[in-house]
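For reference, the structure discussed in these notes is given below.
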There are 2 protein chains.
Amino acid sequence: MTPEDRLPAMFRFFNEVGIIAQLSRAAFEARLSEGVTAPHFSVLNHLIRVADGRTPLELARAFQVPKTTMTHTLAGLEARGLVETRPNPEDGRSKRVWLTARGRAFRDEAIGLLAPDVAALAAHVNPAEIEAALPLLEKVRKALDAARG
Amino acid sequence: MTPEDRLPAMFRFFNEVGIIAQLSRAAFEARLSEGVTAPHFSVLNHLIRVADGRTPLELARAFQVPKTTMTHTLAGLEARGLVETRPNPEDGRSKRVWLTARGRAFRDEAIGLLAPDVAALAAHVNPAEIEAALPLLEKVRKALDAARG
DNA sequence: ACCAGATAGTGCGATATCGGACCACATGCA
DNA sequence: TGCATGTGGTCCGATATCGCACTATCTGGT
């Protein structure tokens with residue numbers, strides 16, 4: 001039994017989660033072209049999965065990041081021509097974010113580039129176990145979110 | 001069902017892990033005093049749990065971060081008087097990192113400040129489930145680490 | 001003993017995160 | 001209508017992450 005094994009399970013849990021987030025993010029970004037980060041991809045993916053035309057604040061809430069962070073992420077996406085923003089006709093303070101054709105294509109290519117890595121991982125870790133762990137992760141995430149105030 | 005069909009579950013898994021890492025880190029840092037980050041705390045904790053007198057490179061490997069990041073983290077800890085470094089008598093290129101009395105005290109206080117949050121979380125999520133998820137997380141972490149090259 | 005290659009650590013530059021301050025517009029209430 | 005308050009978004013500054021390049025030192029083979 002190593003010293004780590006004696007730590008309370010909660011600490012080890014968050015420790016493992018932190019390291020996995022860090023490693024997966026690094027592996028992820030290594031597959032994306034120059035300067036495109038995991039948050040960039042996540043936003044593109046969200047706009048496709050949910051629907052584009054979201055406002056920056058909606059996106060910030062969806063990803064649980066401060067709005068200043070989302071401003072910055074969107075600026076990066078816009079500078080790369082992957083999204084465009086237009087004024088929100090229903091609210092003069094606000095914008096809406098739209099995917100460009102390049103943005104959609106980029107996301108699809110990225111999925112293709114990522115697939116082999118996911119498959120390689122599936123060779124080491126049973127995907128059914130991954131899926132079985134999802135409800136717990138969601139529960140933890142919601143509990144943390146609720147605790148934020 | 002082939003592993004490829006499980007692909008969306010993998011994506012959701014890493015997505016949840018990323019958000020949990022982000023929220024837990026933010027909650028964590030909100031409890032620590034001015035400017036002390038989760039990595040700072042993690043390093044202090046590691047030095048107490050394992051043993052101090054580690055080299056910066058050993059620490060970087062333990063936390064799976066680039067050595068430049070560890071240099072920066074250690075500089076922050078040293079500036080706050082929580083650790084001190086001395087030359088490694090066995091290797092002139094290297095240093096060893098030692099805890100100060102303040103560093104030990106700081107860590108113990110932080111554990112005390114964190115305990116209520118952990119307890120509050122335990123009220124929403126069964127700690128036994130958390131513990132049951134640890135082997136999977138370790139497996140994923142090790143697979144990612146092995147894939148780094 | 002020498003030298004080539006490996007290894008420990010740092011400096012620097014690019015970029016990300018995020019809190020606080022700020023502006024513009026919206027909303028509610030008198 | 002007019003103003004106090006609230007909300008969407010950005011700018012700025014402090015700090016974190018991390019790749020690249022560099023120095024100092026160590027190690028192994030000759």
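As the structure is a computational prediction, the values presented were derived from the model and not from experiment. Hydrogens, waters and symmetry mates are skipped; everything else that's a heavy atom, side chains included, is used. Convention: sequence-line order gives letters A, B, ...; per-chain numbering from 1.
Between B:H72 atom NE2 and D:dA16 atom P the separation is 4 Å, expressed in whole Å. A straight line from CZ of B:F28 to P of D:dA16 spans 15 Å, rounded to a whole angstrom. Rounding to whole angstrom units, CZ of residue A:R93 and P of D:dT5 are separated by 17 Å. In this entry the distance linking CG of B:N88 with P of C:dG9 reads 8 Å, nearest Å. The CZ-C1' distance, from B:R86 to C:dG9, rounds to 18 Å in whole Å. The interatomic distance linking B:F63 (CZ) with D:dA16 (P) rounds to 16 Å, in whole Å. What separates CD of B:E29 from C1' of D:dT15 is a distance of 10 Å, to the nearest Å. Between B:Q64 atom CD and D:dT17 atom C1' the separation is 15 Å, expressed in whole Å.
Counting only heavy atoms from C-beta on, A:L57 has its side chain closest to D:dG9 among D:dG9, D:dT10, D:dC18. Among the nucleotides D:dC18, C:dT17, C:dC18, the one closest to the side chain of B:Q22 is C:dC18. Distances from the side chain of B:T73 to the nucleotides C:dC18, D:dT7, D:dT17 place D:dT17 closest.
Residues A:A38 and A:E29 share a closest heavy-atom pair of N-OE2, 3.0 Å.
Put simply, the side chain of A:E129 never gets that close to the backbone of B:L136: no donor and acceptor are under 3.5 Å apart. Put simply, the side chain of B:R86 never gets that close to the backbone of B:W98: no donor and acceptor are under 3.5 Å apart.
Taking only side-chain nitrogens and oxygens, B:R54 never comes nearer than 4.0 Å to OP1 or OP2 of C:dA8. Contact annotation: B:T68 side-chain N/O to C:dT10 OP1/OP2 distance is not under 4.0 Å. A sub-4.0 Å separation between OP1 or OP2 of C:dT10 and a side-chain N or O of B:T71 is present. Listed pair B:R61 / C:dA8 meets the phosphate criterion, a side-chain N or O lying under 4.0 Å from OP1 or OP2. The side chain of B:T55 contributes no N or O atom lying less than 4.0 Å from OP1 or OP2 of C:dA8.
Using a 4.0 Å heavy-atom criterion, one finds that A:S94 contacts the sugar-phosphate atoms exclusively. A:R25 comes within 4.0 angstrom of sugar-phosphate atoms only, judged by non-hydrogen atoms across all strands, and of no base.
A:V83 and A:I48 fall within the same hydrophobic cluster, defined by Ile, Leu, Val, Met, Phe, Trp and Tyr side-chain heavy atoms under 4.5 Å apart, directly or through other members.
With the nearest nucleotide of DNA chain D identified for both A:M70 and B:E90, A:M70 has the one nearer the 5' end. Both A:D91 and A:P39 lie near DNA chain C, and the one whose nearest nucleotide falls closer to the 5' end is A:P39.
For A:K67 and D:dG9, a side-chain-to-base donor-acceptor distance below 3.5 Å is present, hydrogens and geometry of angles not being considered.
Taking CZ from A:R31 and CG from A:D117, the interatomic distance works out to 4.0 Å, rounded to the nearest 0.5 Å.
A salt bridge is absent between A:R12 and A:E16; no separation between the charged side-chain nitrogens and carboxylate oxygens falls under 4.0 Å.
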